[in-house]
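Encoded as structure tokens, the structure appears first; notes follow it.
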Amino acid sequence: MTKTRAPSRGSQFPPRVVFDNNASELATLVEVVAQDRPGLLYDLSAAITENGCNIDVVLIETEAHRALDVFYLAAASRKLDDGLCSRLEAVLLRACSA
């Protein structure tokens, strides 16, 4: 069996943002995978709230310098619509690269 090596601190990979409106009856699940860094969670949550979304639940994990953050979001007590998801994807990707 071959062991998988964890990426080094200097390795880079593009951030990824995925939306799922079927994971919950009341909120949109948003998964963000990005290079971990100090302040990343703050930047992501600030981008979310600045775009009119409420964070109902957040699950955070870090594996080998990779942040795996899952948010359950709502706007005006509803799941996010396609337009808001598109705008939010762009600002979250920018926040990952800050």
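Here the structure is a predicted model, which means the values were calculated and not measured.
A side chain to side chain donor-acceptor pair (under 3.5 Å) check over residues 13-26, counting only residues at least two apart or in different chains, returns the pairs R16-E31, N21-T28. For residues 82-98, no residue pair satisfies the side chain to side chain donor-acceptor pair (under 3.5 Å) rule, not counting sequence neighbours.
The hydrophobic cluster around L29 extends to V57, L59, V70, Y72, counting ILVMFWY residues whose side-chain heavy atoms fall within less than 4.5 Å of a member. Members clustered with V32: V17, F19, V30, L40, L41, L44, I48, I55, V58, I60, F71, L73, L80, L84, L88, V91, L92, L93, by chain and number, using a 4.5 Å side-chain heavy-atom cutoff among hydrophobic residues.
Annotation: side chain to side chain donor-acceptor pair (under 3.5 Å) contacts of D81 (sequence neighbours excluded): none. Looking at residues two or more places apart in sequence or on another chain, you find a salt bridge (charged side-chain N to carboxylate O under 4.0 Å, His left out) between R37 and D43.
Closest heavy-atom contact between E61 and D69: N-OD1, 3.9 Å.
Expressed to the nearest 0.5 Å, how far CG of D36 lies from CZ of R66 amounts to 11.0 Å.
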